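Some notes on the structure that comes next.
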Amino acid sequence: MTPSLFALVDCNNFYASCERMFRPDLAGRPIVVLSNNDGCVVARSAEAKQLGIKMAVPVYQIANQLRQHHVAVFSSNYALYADISNRVMTTLEQMVPKVEVYSIDEAFLDLSRLDKCIDIHQLALDIYQRIPQWIGISVCVGIGPTKTLAKLANHAAKRYPATRGVVDLRDRERQRRLMALIPVDEVWGIGRRLTKRLNIMGINTALQLADAHPKLIRDTFSVTVERTVRELNGIDCDDIQEVAATKQQIISSRSFGSRIDNLEAMQQAINEYTFRACEKLRSERQYAKAMSVFVRTSPFSDATPQYSKSLSGSLVRPSNDTRDFVTLGQSLLQSIWREGHAYAKAGVMLGDFFGAGVFQLGLFDDVTPRPKSKELMQLLDKVNHSGHGKIWFAGQGIDPTWGMKREQLSPRYTTQWAQLPIVK
DNA sequence: TCTGGGGTCCTAGGACCC
DNA sequence: TCTGGGGTCCTAGGACCC
């Protein structure tokens, strides 16, 4: 068996870099990009990081700092980021045969066997130079015998400028020297809670975790953490997934722009989320049988009583007709709705998926499919994607007050003709 | 006043069945 | 009367990722 070899290519400050691509006037100025509802910071340019602005900090807590340092603030513009991401991924796919798009701003490359015929280090340098040249976004490249080590290598490439954007961790001694320097919480798969518990056990660095006994780790934590230990030791537990796995659930949920306290508004919100979830379901060419609905108050307001409830239900047969899920969703909402709370967030989840034509009806199930369901849903999706107006259900409400805040949105430079940047 | 959204995987506990 | 143990399904929750 050929030993495996991976590279991780990760864009630098991706959302902030996308915003700056079209605003050369912002060169050198700190940039932050905000989450939905303009709630908290989800991306920072290098300058913003230097100001000490932390990831995920609520905006209102740093409002003064943003003003004082003249920080450029953007609402997140996913249409723009997705388009730039596609260009980066396409370029990588032209350079390497097997690419796994892991998230909007990073991809794993399968280099196994490739190292027999090409110079891996040169390939990494080519990627490092070509992506900024062609797309306008800078990247770092990490190389290692497992995904976890490639991640770690990438982390080092970002942290230490002397590496000039490429770190190659094929050598075991190099792996150990680096791991000794890296705190355990920087390891992929080790988050805040696990770090706390590992620290109590005296495990503080990546190397100490690598040297821990896998069996002990499994018994104390879980198989997931055990796998991480093995990966740190160069044992590959996670192959490249070139084709995105079929989704197992679809979630549509939002915090409200302002709190909801009446049933009618909540019914509209649930209908809206149901509508979006079904759109996604059809774009995945799937049919769902299960649905759950949840509502909750804000976990951050400790003065008022908290309420959080979810409930699942099931259709008799899988469907992707929005009307079926609107009916089910509303009845689930009825059961969990409690008057007298200031609701901050709600959502719907679809699950238990079937491909077209897979599901067998029970012998005595008496359900006639809706006539023309497919045609109607296709028409709905077509109109709504055409850019010429929208069709929606009356139950979604018109111009709801609880809708999302996006006050700092940049233009859709690359995906709407009317918003193309102008070169003077 | 103001704290994201969309995913995955794993585990524990209760109900129910044989 | 025998009240054990294993399997499955469901729900809820924890933890992680970007």
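Throughout, a chain's letter reflects where its sequence line sits, starting with A, and its residues are numbered from 1. What you see is a predicted model, and the numbers here were worked out from it, not measured in a lab. Basis for what follows: all heavy atoms, side chains included, without hydrogens, waters or symmetry-related copies.
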Exercise. Please figure out whether A:Ser253 or A:Arg218 has its closest DNA chain B nucleotide nearer the 5' end.
Key: A:Ser253
Practice problem: Sticking with atom P, work out how far C:dC18 lies from B:dC2, rounded to a whole angstrom. | Solution: 29 Å
Quiz item: Based on Watson-Crick and G-U pairs with both distances under 3.5 Å, what dot-bracket line describes DNA chain B 5' to 3', crossing pairs as [ ] and inter-strand pairs as |?
Solution: ....||||||||||||||
Quiz item: Just by modelled atom types, is the A:Glu242 backbone N or O under 3.5 Å from a matching donor or acceptor in the A:Lys98 side chain?
Solution: no
Quiz item: Can you find a heavy atom in the side chain of A:Trp188 that is under 4.5 Å from one in the side chain of A:Lys147?
Solution: yes
Practice problem: Name the closest nucleotide to the A:Ser103 side chain, picking from B:dT11, C:dC18, B:dG4. | Solution: C:dC18
Practice problem: Take atom CD1 of A:Ile260 and atom C1' of B:dT1, then tell me their distance rounded to the nearest Å. | Solution: 17 Å
Exercise. Pick the C1' atom in B:dC17 and in C:dT3, then give their distance to the nearest Å.
Key: 15 Å
Self-check item: Euclidean distance, atom CZ of residue A:Phe294 to atom P of B:dG7 [Å, nearest integer]
Solution: 12 Å
Practice problem: Please check the phosphate of B:dG6 (OP1 and OP2 only) for any side-chain N or O of A:Lys247 closer than 4.0 Å. | Solution: no
Quiz item: Could you state the NZ-C1' distance from A:Lys147 to C:dC17, rounded to the nearest angstrom?
Solution: 13 Å
Practice problem: Could you check whether A:Gln249 gets within reach of a base, just the sugar-phosphate, or nothing at all, counting any heavy atom under 4.0 Å? | Solution: base
Quiz prompt | Proximity of A:Tyr413 and A:Phe22 rings by center, below 6.0 Å | solution = yes
Quiz item: Using a heavy-atom distance cut-off of less than 4.0 Å, which residues of residues 45-83 of chain A contact DNA chain C?
Solution: none
Quiz item: Is it true that the side chains of A:Arg130 and A:Gln133 contain a donor and an acceptor less than 3.5 Å apart?
Solution: no
Quiz item: Could A:Arg192 and A:Asp185 be called an ion pair, given the rule that one side-chain N must be under 4.0 Å from one carboxylate O?
Solution: no
Practice problem: Return the nearest nucleotide to the side chain of A:Arg276; candidates are B:dC10, B:dG5, B:dG6. | Solution: B:dG6
Quiz item: If you measure from SG on A:Cys11 to CD on A:Glu106, what distance do you get to the nearest 0.5 Å?
Solution: 8.5 Å
Quiz prompt | Atom-pair distance (CE on A:Met349; P on B:dG7), nearest Å | solution = 11 Å
Self-check item: Nearest-neighbour nucleotide for the A:Cys40 side chain, B:dT3, B:dC10, B:dT8 considered
Solution: B:dT3
Self-check item: A:Arg254 side-chain N/O to B:dG6 phosphate OP1/OP2 under 4.0 Å
Solution: yes
Exercise. Check the angle between the aromatic planes of A:Tyr307 and A:His341 and answer parallel, tilted or perpendicular using the 30° and 60° thresholds.
Key: parallel
Self-check item: Candidates B:dT8, B:dG5, C:dT11 - which lies nearest the side chain of A:Gln248
Solution: B:dT8
Quiz item: Of the candidate nucleotides B:dG7, B:dG5, C:dC17, which contains the atom at the shortest distance from the side chain of A:Asn36?
Solution: B:dG5
Exercise. Please state how far atom OH in A:Tyr102 lies from atom P in C:dC18, giving the value in whole angstrom units.
Key: 5 Å
Quiz item: What nucleotide among B:dG7, B:dG6, C:dA12 has an atom nearest to a side-chain atom of A:Ser310?
Solution: C:dA12
Quiz item: Would one find a side-chain N or O of A:Lys309 under 4.0 angstrom from OP1 or OP2 of C:dG13?
Solution: no
Quiz item: Between B:dC9, B:dG6, C:dC18, which one does the side chain of A:Ile251 approach most closely?
Solution: B:dG6
Self-check item: A:Thr274 side chain vs A:Ile270 backbone, donor-acceptor pair below 3.5 Å
Solution: yes
Exercise. Starting from P on C:dT8, measure out to CG on A:Asp352 and report it in whole angstrom.
Key: 17 Å
Self-check item: Nearest-angstrom distance from the residue atom CD of A:Glu272 to P of B:dG5
Solution: 13 Å
Self-check item: A:Glu47/A:Arg20 ion pair, N-O < 4.0 Å
Solution: yes
Quiz item: A:Ile250 has a side chain; which of C:dC18, B:dG7, B:dG6 sits nearest to it?
Solution: B:dG7
Exercise. Measure the shortest side-chain to side-chain distance between A:Arg254 and A:Tyr273 over non-hydrogen atoms and say whether it is less than 4.5 angstrom.
Key: yes
Quiz prompt | For DNA chain C, the residues among residues 183-201 of chain A that have a non-hydrogen atom under 4.0 Å from it | solution = A:Val187, A:Trp188, A:Gly189, A:Ile190, A:Gly191, A:Arg192, A:Arg193, A:Leu194
Quiz item: To the nearest Å, how far apart are A:His155 NE2 and C:dC17 P?
Solution: 12 Å
Practice problem: Could you check which of C:dC18, B:dG7, B:dG4 has an atom nearest any side-chain atom of A:Lys280? | Solution: B:dG7
Quiz item: Hey, which of these two, A:Val223 or A:Ala344, hits DNA chain B nearer its 5' end, going by closest nucleotide?
Solution: A:Ala344
Exercise. Show your working on side-chain contact (heavy atoms from CB on, under 4.5 Å) between A:Asp324 and A:Thr327 and close with a plain yes or no.
Key: CA-CA 5 Å; A:Asp324 291 332; A:Thr327 311; 5.8 Å; no
Exercise. Kindly indicate whether the side chain of A:Ile127, heavy atoms from C-beta on, has any atom under 4.5 Å from the side chain of A:Met95.
Key: yes
Self-check item: side-chain N/O A:Arg227 vs B:dC9 OP1/OP2, d < 4.0 Å
Solution: no
Quiz item: Charged N to carboxylate O below 4.0 Å: is that the case for A:Lys158 and A:Asp10?
Solution: yes
Practice problem: Give the intermediate values and the outcome of side-chain contact (heavy atoms from CB on, under 4.5 Å) for residues A:Phe6 and A:Leu109. | Solution: CA-CA 6 Å; A:Phe6 301 92; A:Leu109 316 180; over 6 Å; no
Quiz item: Out of B:dG5, B:dG6, C:dC18, which nucleotide sits closest to the side chain of A:Ser255?
Solution: B:dG5
